[in-house]
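In what follows, a single structure is set out as C-alpha cells and then discussed.
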Amino acid sequence: MKVPFLDLRAHHGPILEQLTAAVHKVISSNHFAGGPVVEEFEEDFAAYCGAPHAIGVGSGTEALWLTLLALDIGPGDEVITSPNTFMATAEAITYCGAKPVFADVDSVNYTINPEKLERAITPRTKAVIPVHIFGQPADLGPIQEITRKHGLLLISDACQAHGAKYRNQPVAAIGDATCFSFYPGKNLGAFGEAGAVVTSHQKLQEKIRILRDHGQVRKYHHSMIGWNCRMDAIQAAVLKVKLTHLDQANQSRRSHAQQYNEGLGGLEGIITPVEAEYAHHVYHIYAIRTSQREELISFLRNCGIECGIHYPVAVHQQEAYRQLGYQPGDFPVAEQCAREFISLPMFPELTRGQIAHVVNSIQDAMAVVDGGAQRVSQPVPMPG
Ligand SMILES: *Cc1c(COP(=O)(O)O)cnc(C)c1O
C-alpha cells in the first residue's frame, strides 16, 4: 500500500468545480493583483480568526517581514524566537535588520519555553515571535504576561496553525499580530504563494497595507518606502473557497492524529506528540521522535510510506547563522528534536486503512530493529 506524505490532489478533487468557478470569476473581474476578491478573502479570514483585520500579502515570509517593518523593528533591535522552526521566522527578523535571538523549546509541546524566553530578554529586545509549530499553539498566556511585563511586542508565527486555538480562542485573537502562510501544503493552502497578517491594531493594519503596495497611499503617491507584497487575486479566490472547508479538514487531521496516537502510544522507542492542555492542535504535521530515525525512515520507505523531517537542522545551527556564534548544546531540546523528529503522512484525506498501514509498519520496524543487532533504543530523555 502506498501512503504519500501529502496528497493535495485528493483535497482539491471534491471541490474542483467550486475552485474553477472562483478562478473564472477572477478572470472576468479583470483584477489580478489585489482588488475586490482579495478584500473579500481578507474579510472572511479576519472573521474566521476572531480579529478585526487581515491583510493579504504574497507569502508567510512577507507577512512576518512586513509586520516587523511596520512595527519599526530594525538595526540594533533583538527579536526572540524559537530555534525549532522553519528558517523564514528568523530570516524575516534578519531581513529587517534586527537580530534573531533564540530561546529553547519545551520538551513536550515543542514550542518556545516561556521561562527560557524571559531569560533571553535584554534591553535591546523589542518583540517575541512564538511559533505555533506543527499546528500546536505556543503557551500564549504566560508569554503574553512576559511581553506585557517587559513592554515587548507579541507577534505569532501561525504559518502552520490555521484554525488552532489557545484556551478556546483562535490563536490570532491574541497578541499584536499573527502571521499566516498559505503555501500550498499548509492547512489552508493556495494554488501558489500567499500569506496574511491578522491584527486588531488599526494603525498597524493601515501601515502594513501601505507597505505591501510600494508605500502607496494612493496611486503613484508614496508616503514611505515599501515593497511589492500584494496578494494575488487568484490565490484569494481559491483561499476563500478553501477556508469554508478548513474546520472540517482540521477535524480530519485531529482524528488521524488520534488514530496514530492509539496505535503508536506506548510503543517502545517511539515518542508520540502530545496536545497541550490549553491547545486545540491542528496537526499541520504529525511528528514522532525516535533515536533511530534513518533506519525507521528507510524501513517505512520499503513499505511504500513517505515521511518527512521538519526540520533536520535547528535554525541556530544553520550555516547562514554562523555569525550569531551559537554553539552545539546551546538549545539542547531543539537540537534533540532536529535529530529525532520524523513527520508521518498527514493530510485530511488519509484513510483509516492507510494510517493502520503506517502504524503496523512502525510496529514491525521496531520489532525488527529491536530483535536484531541494531536495536532501536529508547530515546534519550529530553533535557530541561
Ligand atoms: C511556511 C512557513 C513560513 C513561511 O511561509 P511562506 O509562505 O512559505 O513564505 C514561516 N514560518 C513557518 C513556521 C512556516 O511553516
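All ligand and atom numbering here is 1-based and tracks the order in the structure.
Checked against side-chain hydrogen bond (donor to acceptor under 3.5 Å, both in side chains), Arg339 has no partners two or more places apart in sequence or in another chain. Arg352 is linked by a salt bridge (Lys or Arg N to Asp or Glu O under 4.0 Å) to nothing, counting only residues two or more places apart in sequence or in another chain. Under the rule for a side-chain hydrogen bond (donor to acceptor under 3.5 Å, both in side chains), the partners of Glu349 that lie at least two apart in sequence or sit in another chain are His11.
The aromatic rings of Phe102 and Phe331 sit perpendicular, their planes meeting at an angle over 60°, well past the 30° parallel limit. Classified by interplanar angle (parallel below 30°, tilted 30° to 60°, perpendicular above 60°), the ring pair His214/His222 is perpendicular.
A distance below 6.0 Å separates the ring centres of Phe341 and Phe134.
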Any protein N or O within less than 3.5 Å of an N or O in ligand 1? List each pair with its distance, or say none.
unit_1, atom_1, unit_2, atom_2, d
ligand 1, 5 (O), Ser181, OG, 3.2
ligand 1, 7 (O), Gly60, N, 2.8
ligand 1, 7 (O), Ser181, OG, 2.6
ligand 1, 9 (O), Gly60, N, 3.3
ligand 1, 9 (O), Thr61, N, 2.9
ligand 1, 9 (O), Thr61, OG1, 2.5
ligand 1, 11 (N), Asp157, OD1, 3.4
ligand 1, 11 (N), Asp157, OD2, 2.8
ligand 1, 15 (O), Gln160, NE2, 2.8
ligand 1, 15 (O), Lys186, NZ, 2.8

